[in-house]
Peer 1: 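Shown below is the structure under consideration.
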2 protein chains.
Amino acid sequence: MAIRYNTKQQKAVLSCLEKGRGASVTACELMERLRGEGFPVGLTTVYRQLEKLEMQGLIHRITTDEGSFYQYCDHPEQGDCFLLKCERCGRLEHLDCSHLKSLYDHLAEEHRFIINPRKTLFYGLCEICSQKEDAE
Amino acid sequence: MAIRYNTKQQKAVLSCLEKGRGASVTACELMERLRGEGFPVGLTTVYRQLEKLEMQGLIHRITTDEGSFYQYCDHPEQGDCFLLKCERCGRLEHLDCSHLKSLYDHLAEEHRFIINPRKTLFYGLCEICSQKEDAE
DNA sequence: TTGCGTGCAAAGGTTTTGCATGGCA
DNA sequence: TGCCATGCAAAACCTTTGCACGCAA
């Protein structure tokens, strides 16, 4: 499963995700972005590269209620960064919070469950949308 | 979007989920289960009922990397029960933990993000699988 | 030259939609 | 009787697979 050959498509996929670090994109968006850069890559290849890159730990795959998103992985070892998704506006947010780390430590020690922070997604209401809800 | 009519199918879907409380099922499994009970319901109807029941807050829809699961909602207001999914064996686990509640309170107060615990899913390794990983 | 990578087409699976019919109120 | 609910078929998606060809090593 390891990448043996260095192909142009492979580099293009990773560098495109790297350029957009901090943002999550779908496989299809990624393909369109590459096409826009004058470097068309087949959707099948995009999926296959994404799978390989995920297994190498270079990117994350985030499964949401609106499909899969992919994102460049900045901090492979970081445990105190997490992802929030607003159920109302659909936006994905990142948050660094030390409280999370201690929860994960607690889960590992007391409940023997080792959390993967790269994949875990919190659903809820973001600040803007929760204010809107109050107003209604 | 409110349910206006009380149909047999509607009651069957809800009562089937209620009977299996604590467990998560896919739409397809639910249909098969109803068929097994001698009450065949079309898959389309299952999906439409699930959507309505979710909007009423009677059930949860849990989006995982292996598709959507539905589950009867026992405690609509409860904030200290959460869902874990083992990335290796795929099993869904429930866990009551007061630590979680305090994290959610912290997020609400300090980061203005209101978590929906009914939908949030933690990915990681369960006790059994983490031991297997060590053994390898 | 070897064999992995690519990309098209097709298949697979899940969820949604259109439409005629059925059934609750 | 009016109108929502049902269920079949089909469509719409997203993702994976098969296969012949291309290309890196």
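Side-chain atoms are counted along with the backbone in the values below, which use heavy atoms only and exclude waters and symmetry mates. Throughout, protein chains are lettered first and strands after them, A, B, ... in sequence-line order, and every chain is numbered starting at 1.
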Peer 1: Which atoms of nucleotides 6-16 of chain C (N or O only) lie under 3.5 Å from a protein N or O atom, and what are those distances?
Peer 2:
| residue | atom | partner | partner atom | Å |
| --- | --- | --- | --- | --- |
| dT6(C) | OP1 | Thr7(A) | OG1 | 2.7 |
| dT6(C) | OP2 | Gln49(A) | NE2 | 2.8 |
| dT6(C) | O3' | Gln9(A) | NE2 | 3.1 |
| dG7(C) | OP1 | Gln9(A) | NE2 | 3.4 |
| dG7(C) | OP2 | Gly42(A) | N | 3.1 |
| dG7(C) | OP2 | Thr45(A) | OG1 | 2.8 |
| dG7(C) | N7 | Arg48(A) | NH2 | 2.7 |
| dG7(C) | O6 | Arg48(A) | NH1 | 3.4 |
| dG7(C) | O6 | Arg48(A) | NH2 | 2.5 |
| dC8(C) | N4 | Thr44(A) | OG1 | 3.3 |
| dA9(C) | N6 | Thr44(A) | OG1 | 3.4 |
| dT15(C) | OP1 | Ser68(B) | OG | 3.3 |
| dT15(C) | OP2 | Tyr47(B) | OH | 2.2 |
| dT15(C) | O5' | Tyr47(B) | OH | 3.2 |

Peer 1: Take the protein atom CD of Glu32(A) and the nucleotide atom C1' of dC14(D), then report the distance between them rounded to whole Å.
Peer 2: 14 Å
Peer 1: Starting at CG of Leu34(B) and ending at P of dT6(D), how long is that distance when rounded to a whole Å?
Peer 2: 12 Å
Peer 1: Nearest-Å distance, CD1 (Ile62(A)) to P (dT15(D))?
Peer 2: 13 Å
Peer 1: Does Leu83(A) reach the side chain of Gln71(A), with side-chain heavy atoms less than 4.5 Å apart?
Peer 2: yes
Peer 1: Please check if the number of heavy atoms outside Leu43(A) that lie under 6.0 Å from its CG is greater than 12.
Peer 2: yes
Peer 1: Figure out the OH/C1' separation between Tyr5(B) and dG22(C), and round it to whole Å.
Peer 2: 12 Å
Peer 1: Output yes when Glu51(B) and Arg48(B) qualify as a salt bridge under the 4.0 Å nitrogen-oxygen rule, no when they do not.
Peer 2: no
Peer 1: Whole-Å distance between dG23(C) P and Lys11(B) NZ?
Peer 2: 14 Å
Peer 1: Centroid-to-centroid, Tyr47(A) to Tyr70(A), below 6.0 Å?
Peer 2: no
Peer 1: Indicate the ring-plane relationship of His106(A) and His99(B), choosing parallel, tilted or perpendicular according to the 30° and 60° boundaries.
Peer 2: parallel
Peer 1: Assess whether salt bridge (Lys or Arg N to Asp or Glu O under 4.0 Å) is satisfied between Lys85(B) and Glu93(B), documenting all intermediate values.
Peer 2: CA-CA 6 Å; Lys85(B) 181 169 191 286; Glu93(B) 257 181 60; over 6 Å; no
